[in-house]
Protein chains: 2
Amino acid sequence: MKRTSLAGDECPIARALDVFGDWWSLLIIRDAMLGRRRFGEFQASLGLAKNILTTRLRTLVERGILTTVPAADGSAYQDYVLTPKGRGLFPIMVALRQWSEEFDEHPEEIGTILVDRDKGKPVRKLALYSQDGRLLSAADTMMKPRPKPRRRVVA
Amino acid sequence: MKRTSLAGDECPIARALDVFGDWWSLLIIRDAMLGRRRFGEFQASLGLAKNILTTRLRTLVERGILTTVPAADGSAYQDYVLTPKGRGLFPIMVALRQWSEEFDEHPEEIGTILVDRDKGKPVRKLALYSQDGRLLSAADTMMKPRPKPRRRVVA
DNA sequence: CCATCTGGTTTAATATTGCAACCACACAAG
DNA sequence: CTTGTGTGGTTGCAATATTAAACCAGATGG
């Protein structure tokens, strides 16, 4: 019945999904990264029901991904803009995009590419490196339990 | 009322979400990356309803993320293992993890860290580079329409 | 001031999810 | 061969979520 919450999970992936892992949130965030700010813009772009948009925007604000600011055009309405926490989702968006570019069954249907603003050339694939600069594949990594933070004695 | 499909969308992010953007799929994939293979392992680990797990495993197989193979222990059952397409989701997992590590309200609740197998040290943050090797932030990038593929004349 | 736009809320129908019960098969012990 | 147990599901029902559509109040625009 009720969708199980992942908020208390110790897995950081589950915790992230708990914040924006529903059907629409990431698409709203994507639109926000493309510069959309207004309720109506999101609704027109995504074509989702307005009540759903209302609740999604509200929870994204609650969770610190978006904030509301006075509308840029001076009207009495408000704009929804990304917080730093929201802008921090950019690498996730890039990773999702690159996965589709590499594995989608119909890549010819993909309409856009991500380029660097300076040269207009496609960006490189995201890459994972070790502290000492070696390129790492999944097989070169492993999980370790998080070390307990050193407890500082309160004077 | 049916959940709107994003399959035909031209946005690669939407297309990716259409494949694994529901509540459980990414967690199943995460478990598969941790080496879990059996129905019962997933069910015990995730605590989701068995009927939901059944349908999720089926659609992940349909979509080429998982395949079934004869069980490793020689029993008559089957294992679910990642395909290359599924293993390709690794950077997305890393990006999700690193976002939580950076922005989670309660990072002390995160139980694990990702380290390189060789040295046991935490990995670097995922980074995006231009073709010519410059480190790129979101602001250094932009979207371009995908160039039409050059149509090759069929001999 | 009248009409329309914006940003929602409400309502009712439909879909999805979750839980619990059930079930068939494989396997093992007796 | 017969009973018991674990695995990997299916089925049914109740609870919840999503949707489209109608509605509405305040802002805006002519």
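Just so it is clear, the values below take in all heavy atoms, side chains as well, and ignore hydrogens, waters and symmetry mates. Note on naming: letters A, B, ... go to the chains in the order of the sequence lines (proteins, then strands), and numbering restarts at 1 for each one.
Annotation: proximity of residues 62-73 of chain B to DNA chain D (heavy atom, distance under 4.0 Å) is found for no residue. Near DNA chain C, defined here as any heavy-atom distance below 4.0 Å, the residues from residues 8-28 of chain B are B:Trp24, listed numerically. At a non-hydrogen distance threshold of 4.0 Å, B:Arg38, B:Phe39, B:Gly40, B:Lys50, B:Asn51 from residues 29-53 of chain B come into contact with DNA chain D.
For B:Ser75, the side chain to side chain contact (heavy atoms under 4.5 Å, CB included) partners two or more places apart in sequence, or in a different chain, are B:Arg38, B:Ala71, B:Asp73, B:Tyr77. Here B:Arg134 pairs with A:Asp116, A:Asp118, B:Asp132 under the salt bridge (charged side-chain N to carboxylate O under 4.0 Å, His left out) rule; sequence neighbours left out.
No donor-acceptor distance shorter than 3.5 angstrom exists from the side chain of B:Gln43 to the backbone of B:Leu53, with no hydrogens or angles considered. A donor-acceptor contact shorter than 3.5 Å is absent between the side chain of B:Thr141 and the backbone of A:Val115.
Donor-acceptor pairing under 3.5 Å is lacking for the side chains of B:Thr54 and B:Asn51.
Within the model, atoms CG of B:Asp31 and CH2 of B:Trp24 stand 10.0 Å from one another, a figure rounded to the nearest 0.5 Å. Here CD of B:Gln131 is found 10.0 Å from CG of B:Leu136. Values are rounded to the nearest 0.5 Å. Considering CD1 of B:Ile92 and CD1 of A:Ile13, their distance stands at 10.5 Å, rounded to 0.5 Å.
Shown are B:Trp99, B:Phe103, B:Trp23; of these, the ring-ring contact (aromatic ring centres under 6.0 Å, His included) with A:Phe20 is made only by B:Trp99.
With respect to the salt-bridge test (charged N to carboxylate O, under 4.0 angstrom), the residues A:Glu105 and B:Arg15 do not qualify. Between A:Arg97 and A:Glu101, at least one side-chain nitrogen of the basic residue sits less than 4.0 Å from a carboxylate oxygen of the acidic one, meeting the salt-bridge criterion. No salt bridge links A:Arg37 with A:Glu41; every basic N to acidic carboxylate O contact stays at or beyond 4.0 Å. One finds a salt bridge joining A:Glu102 and A:Lys125 here, because a Lys/Arg side-chain nitrogen approaches an Asp/Glu carboxylate oxygen to under 4.0 Å.
Between the C1' atom of C:dT17 and the CZ atom of B:Arg56 lies a distance of 9 Å, rounded to the nearest Å. Atom-to-atom, CG of A:Asp79 to P of C:dG8 comes out at 11 Å; the value is rounded to the nearest Å.
Between A:Thr54 and the phosphate of C:dT9, there is a side-chain N or O to OP1/OP2 separation shorter than 4.0 Å. For the pair B:Gln78 and D:dG9, the criterion of a side-chain N or O lying under 4.0 Å from OP1 or OP2 is met. For the OP1/OP2 pair of D:dG9 and a distance below 4.0 Å, the side-chain nitrogens and oxygens of B:Tyr80 include at least one atom meeting the criterion.
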Exercise for the section: Heavy atoms under 4.0 Å is the rule here; annotate nucleotides 25-30 of chain D 5' to 3' with B where the base is hit, S where only the sugar-phosphate is, and - elsewhere. Expected result: -BSS--
